[in-house]
Amino acid sequence: MPNSQTLKSITDLRDSLANSALETTISKILEQTEKSVISNVESALNESLKTLDDSVPKLEQEYDKILADGKKEADKIEKQIIGSADIEARNKQLMALEDAVDKVFSKALEQIANADRSGDYSNLIKTMIEEATQILGTSEITVSTNAKDKDVVQSTLSQFSGAELSSDTIDCLGGVIVKSKDGAMTFDNTIDARIERLKPLIRKEIASKFGVGE
Amino acid sequence: MTAEGGVQYSKIAEIKGPLVIVDDVENAAFDELVEVETKDGERRLGKVLEVGNGKAIVQVFEGTTGLSIAATNAKFVGKVMEMPVSREVLGRVFDGLGRPKDGLPDPIADKFIDINGEPMNPEQREYPKDFIQTGVSVIDGMITLVRGQKLPIFSGSGMSHNLLAAQIARQASVIGTQDDFAVVFAAIGVQYSEAEYFRRSLEESGALKRSVLFLNTADDPAIERIITPRVALTVAEYLAFELGMHVLVILTDMTNYAEALREISAAREEVPGRKGYPGYLYTDLSTIYERAGKLNGKKGSVTQVPILSMPSDDITHPIPDLTGYITEGQIVLGRDLFRQGVYPPVNILMSLSRLMKDGIGEGSTRADHGEISNQVYDAYSRAQEVRALAGIVGKAGLTEIDLKYMDVGDVFENEFLSQATDENRTIEETLGILWKIVSKLPKNEITKIKDKYVEQYYKEE
């Protein structure tokens, strides 16, 4: 039968063996965990490096796209600003030109209105009446004119049989309105009407003096 | 232009709809311009439609409302209707008869041109083959527009054709050349809000300085609509053939034009043709559409994009039907796509640009353009078939390849077709998206593209 001392040493040995097995197990577990953690960290690192590597071209692409879009937008805005400014400047120029043309026109009309009715003027009236009778196709006409030209027209009408001067005067710069006696046809050959018809050409002529449309 | 004016007649026999019949008229000419004076001294323009037996039938552009037989005078001006033209018309806004509508004076004219134009000598015509970039992917990529072509847009009431028209007007450009480019935009019988949208849209984008706008709104007399496309084309021809510019003419909406023509025809008691339109509708439309083209020895070109809304979306209606005979293809907007919220809702399966093949490829756009376009057309057509099949058997009954085609259909509509109204895509971007669509398919499904292009551009996802 073992004595108490032997029993104690057996217990000690058993405890020591148990401790050592536990320690081995713990260290084994620790080692395994460490390995797995390290492997996980490594794979995570590799994965993130790969993701980073993969995203570089995508980011570069995105960066380029943002830059290109920005450039496009900037170009668009630049075009808008330049376009609007160009149009505004052009419109101001047009208005200034129109003002100048109007002034020339008014001056010219004033000169025509105040022109001397003697000399060649009666020839002009004669031509105007001839033109009108030719276009209307009849010599049975009534001629109207303004108060200023009445005398000249009256004396010219003596050369046109069938023509008579209307007692009513009209408001115009000069010239005549010729009407067939039946009232069906009228031909406006006043200076005003002739100017009106040629206005686009006269405007062009005046504008060319300002260096426009040459 | 001469100083001699015309004779004024005061014997009005009859006023019938937009027509005034003048009695005892001698020496009037067909198409001669007439100034009709009302009792209040208001002057309206018209033109002679018929002369004979001492009578002249005058079509009054601004309508005959308020005219009376007793107090109306008709002055036969002695010339046909002319449009004053010069470089100064660029950046200007005119009404349907070519009168300034922007508060500015009449442009100083370089020339006065008969609005009926001169017919192009067929022998002098040059075959159109240069690409116009509209910045709209579906047009540039699959229904390419070329300089000198006439390519109409067939739309329906309420659809987004006006947005598309304005976008094309803002964005269109010619690439690979320094030649000037201009847009002539004619709005025919559009709502006031639409006319304002066109004007604002061009103004704000800065495109107005290279554009000329003719605006005939819905409340303007219908008869003016007969003149609007003609004055617009007169300006376009001047810019193209006298100033050497490449001009894109957008005419919207040609249905309103044809209806004005029907109104006159009915007033003249002519024998009506299909749906009451005159029998000469085809001939009349051709006098407008045939004013597009290029001429040998001239630098410029006139390209036309007429837009017409098909009544009840009916493509067999006389207007789209006869238009289709004259033009070189068509862009058809689809009601289904429009309802899905797709913009621009172009139904490519019904659309076609007959001159596309000559305006694309190496030296124009890119060598693979034609083939990639054909492949996508084919794939989208297959996608539509698969969608129809899925409607019957359900998605679960589809094969893997069918599902890929469905995917192609979705990407096509969502990424290629759909585009913001202010998004201006280059041809490179457009072709990039086409390749993205094709890359949804396995390589063995790509049968219309040469291997070298597949190697170069295919990117499997």
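Chain naming here is simple, since letters A, B, ... match the order of the sequence lines and numbering starts at 1 in each. Treat the numbers as computed from the prediction; the structure is a model and nothing was measured. For the numbers below, each heavy atom of this structure counts, side chains included, while hydrogens, waters and symmetry mates do not.
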Margin query: Within residues 151-164 of chain A, which residues come under 4.5 Å of chain B, heavy atom to heavy atom?
Written below: none
Margin query: As a quick check of understanding, evaluate ring pair (Phe, Tyr, Trp, His ring centres under 6.0 Å) for B:F214 and B:F185, giving each step before the final call.
Written below: CA-CA 6 Å; B:F214 293 89; B:F185 194 105; over 10 Å; no
Next item on the list: May I ask you to check whether B:T38 and B:R44 show a side-chain donor-acceptor distance below 3.5 Å?
Entry: no
Margin query: With rounding to the nearest 0.5 angstrom, report the CZ to OG1 distance, A:R194 to A:T190.
Written below: 9.0 Å
Item checked: Which portion of B:E429 sits near chain A, non-hydrogen atoms under 4.5 angstrom -> side chain
Notebook entry, point to check: Please walk me through it: do B:K75 and B:V34 pass side chain to side chain contact (heavy atoms under 4.5 Å, CB included)?
Noted result: CA-CA 5 Å; B:K75 183 173 170 186; B:V34 180; 5.7 Å; no
Item checked: Distance in Å, B:E415 CD paired with B:S137 OG, rounded so as to fall on 0.5 Å steps -> 11.0 Å
Margin query: Between A:I206 and chain B, with a heavy-atom cut-off of 4.5 Å, which part of the residue counts as in contact: side chain, backbone, both or neither?
Written below: neither
Notebook entry, point to check: To the nearest 0.5 Å, how far apart are CD in A:E196 and CD1 in A:I191?
Noted result: 14.0 Å
Notebook entry, point to check: If you check every heavy atom in residues 64-90 of chain A against those of chain B, which residues fall under 4.5 Å?
Noted result: A:K72, A:K76, A:K79, A:Q80, A:I82, A:G83, A:S84, A:D86, A:I87, A:R90
Notebook entry, point to check: Between B:T134 and B:D140, does any side-chain donor sit less than 3.5 Å from a side-chain acceptor?
Noted result: yes
Note to self: Can you tell me which of B:T426, B:L208, B:D106, B:N73 forms the most heavy-atom pairs within a distance under 4.5 Å of chain A?
What the structure shows: B:D106
Checklist line | Nearest-0.5 Å distance that lies between atom CE in B:M81 and atom CG in B:D114 | finding: 10.5 Å
Notebook entry, point to check: Would the number of heavy atoms belonging to other residues, nucleotides or ligands and lying under 6.0 Å from NZ of B:K47 be above 12?
Noted result: yes
Item checked: chain A contact via B:N424 - side chain, backbone, both or neither, heavy atoms under 4.5 Å -> backbone
Check: Would you call the rings of B:F76 and B:Y9 parallel, tilted or perpendicular if under 30° counts as parallel and over 60° as perpendicular?
Finding: perpendicular
Note to self: If we check side-chain contact (heavy atoms from CB on, under 4.5 Å) with A:M185, which of these qualifies: A:I135, A:L136, A:I141, A:V178?
What the structure shows: A:L136
Item checked: Quiz item: cation-pi between A:K199 and A:F105, 6.0 Å / 45° -> yes
Next item on the list: May I ask you to name which of B:K209, B:R210, B:E203 has the most heavy-atom pairs under 4.5 Å with chain A?
Entry: B:K209
